[in-house]
Amino acid sequence: MKQQNPFAAKCISQLKLSTQLIIIVSIQVLIIVSYVLALNLIHHSLLINYLSEVSNHIFEENSNHILSNMMEEYQQHFNQVFNLNGNALVSFHRLYHSSKNQVLLHPLEINPLYQMQYGGTTKIPDPLRIIKGYGNYDISYSFMCYSNLSSFNQPKTIEEIVGVKLQEQIQAAAQIFYQGNLINQSFLYSYIIKEKINSIYPCLNREKAIYTYIAEKRDWYIELKSNYENKSPYNKYNYTFTKPYLLYTDKKIGLSMALPIVDKDLNFIGGVASNFLGAQVLDMLKVNSFGFQIIYLVSEKGIMIMHPYQVTVEQLPLYIYNESITGFNLTDWEYILDKNQDSSCPKFDKFSSLLKCRYNSYYNQEMIIGTREIPEFKMKLVMLLSSSEYLKFYDDFQITLEQNLHQTTNNYIIWLFSLFVFLCFIIVLATQILFHPIELIKQQAINLIIEQRKNYQQISQFTEVLMSDQILYLVQAYKIVLNKLESLSLTKTSQCKQLEDIQYPTKQLSIIQLDLKQNIQEAKEIQALRFESLKDFSQDQQFEKAAVQIVRSVLKQQNTKFLLY
């Protein structure tokens, strides 16, 4: 049974060899390129999953690193502000005692030209004052002014006289201790009990309000006295902060850093303090490079020391777990103190487990919480950072990562496609060069066959009827020989050369009809015999030679020339 070839095989077999080679090699190249591309796409998908996990880890580490750096920066700022202010108070303490020793070595005569009693009802002169420079009061940055809190004894006691003389010496030095906006100072106070002198820098004209001002009842004085009593014996400088209160000078909520002043026997004699406006301190820290954030300074009991909220005196003390103002409740404060580890940030917890996060009802969003301890002041620095900023960072990181991977993959695909096209071009070019000689030989053979077929004369059936038997037999023999030669080779042999050399008659002779019939009859008989022999010879290998000899003998015996058609 004949085997049926597939349709594709039939189609391919009808193509040129060069075309078949191009198709086969191109398919192989396509398979190789597809394999490499498939591997790359698989690696791409695996890399996306792997790098996504890595990016989560990087996100956590980077977030913790950023938060830690920010907290360290803020803690250093507060330490600088607090310590510089504390150093100013210590310097004032030392200046007071050194100046007092110098005063006691000289006559205690009071010079009215040195008196700066502008802190009360005596107005500050125009060349010196800043009109309404602070609230409704006039101030001057040129000197430290002082005023009596009660009527001096008459005559003045030695302590009162020494106090007035001390003010003459240290009033100009106050400008050295005061750092203003550099360390967020508002005012610098000093008060000595026996001297009954209250000093302030910058000089503030309280006018008649000075008569209702009693230093012993102010929060800063109460704090420094408590500080002294808690450090008995007080043999080391120890400055502390008050709780937020209504500042007398600013009529705003603020706090003070206070330092007791003691004599050589370490007895309490007064103190010095500097004021802060907490909102101003935090405003200086608003300039940052990482989105929306809030900073608190909280005592160990949860009292808000510095914060950005506007509150009244009636709301003091303000606790961080006052949810109506801060957005945090007591549970949140316990979480900040590491007493409760349950986060309330479901969105943020999907991406990070290293950072603390709580939902804040005041800002209506999840807030990342960073904390730092300030143990010397028993405070905790708390920073709230919007989680959306971190999530935006995470999304941007993921998008950038995927875009880079897709770009790399696309570039690789384009490179592979270009390589495939280039290889196909090389294959076609190499095939054309390789098969060019074969194509030439094939074309020449086709041309020879076509040419030979064109020159081959066909004898019609009508001509064969009119043709004599001898000529008909001769034509048949010629066809047999020609077919045999064509089957053997396209080149000429010696036998073909001999056939071509046979001389055919070219002239016509007049033959009488009787002789012609007689000769034709005899030729038929002889030809019949020869033809029988020719059939036998057709099976022999010497067929070609026998056919030639027969033709020659017939022509020689008859000695008759025929006209060939």
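Pro125 meets the side chain to side chain contact (heavy atoms under 4.5 Å, CB included) test with Tyr118, Pro127, Leu128; sequence neighbours excluded. Partners of Glu376 under the side chain to side chain contact (heavy atoms under 4.5 Å, CB included) rule, at least two apart in sequence or in another chain, are Asn79, Ile374. Every residue two or more places apart in sequence or in another chain that forms a salt bridge (charged side-chain N to carboxylate O under 4.0 Å, His left out) with Asp138 is listed here: Arg129. Judged as a side chain to side chain contact (heavy atoms under 4.5 Å, CB included), and not counting sequence neighbours, the contacts of Glu300 are Lys378. Take Phe92 and apply the ring pair (Phe, Tyr, Trp, His ring centres under 6.0 Å) test, not counting sequence neighbours, and it matches no residue. In this structure, the ring pair (Phe, Tyr, Trp, His ring centres under 6.0 Å) partners of Tyr201, at least two apart in sequence or on a different chain, are Tyr178. In this view, Lys165 and Glu168 satisfy the salt bridge (charged side-chain N to carboxylate O under 4.0 Å, His left out) rule, not counting sequence neighbours. With sequence neighbours excluded, no residue forms a ring pair (Phe, Tyr, Trp, His ring centres under 6.0 Å) with Phe328. Listed by chain and residue number, Tyr228 satisfy the ring pair (Phe, Tyr, Trp, His ring centres under 6.0 Å) test with Tyr234 (two or more places apart in sequence, or in another chain). In this structure, the side chain to side chain contact (heavy atoms under 4.5 Å, CB included) partners of Gln102, at least two apart in sequence or on a different chain, are Leu105, His106. In this structure, Glu229 has no salt bridge (charged side-chain N to carboxylate O under 4.0 Å, His left out) partners at least two apart in sequence or on a different chain.
When all heavy atoms of Thr242 and Asp219 are compared, the closest pair comes out as CG2-O, 3.7 Å. The two atoms that bring Lys194 and Glu160 nearest to each other are O-CG, 4.1 Å, heavy atoms only. The two residues Val272 and Leu224 make their nearest non-hydrogen contact at N-CD2, 4.1 Å. For the pair Ile197 and Gly163, the tightest heavy-atom approach, listed with the atom from each and the gap, is CG1-C, 4.4 Å.
Results of the side chain to side chain contact (heavy atoms under 4.5 Å, CB included) test with Thr371 over Ile336, Leu381, Val298, Leu337 single out Ile336 as the only residue that passes. Of the candidates Trp220, Phe78, Phe377, Phe377 is the only one forming a ring pair (Phe, Tyr, Trp, His ring centres under 6.0 Å) with Phe241.
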Under 3.5 Å, which donor-acceptor pairs link side chains of residues 254-263 to any protein atom two or more places apart or in another chain?
| from | atom 1 | to | atom 2 | distance (Å) |
| --- | --- | --- | --- | --- |
| Ser256 | OG | Tyr245 | OH | 2.5 |
| Ser256 | OG | Asn275 | OD1 | 2.6 |
| Asp263 | OD1 | Asp265 | N | 2.9 |
| Asp263 | OD1 | Leu266 | N | 3.0 |
| Asp263 | OD1 | Asn267 | N | 2.7 |

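The local environment of OH in Tyr363 is crowded, with over 12 non-hydrogen atoms from other residues, nucleotides or ligands closer than 6.0 Å.
Without hydrogens or angle criteria, Ser361 side chain to Gly327 main chain gives a donor-acceptor distance under 3.5 Å.
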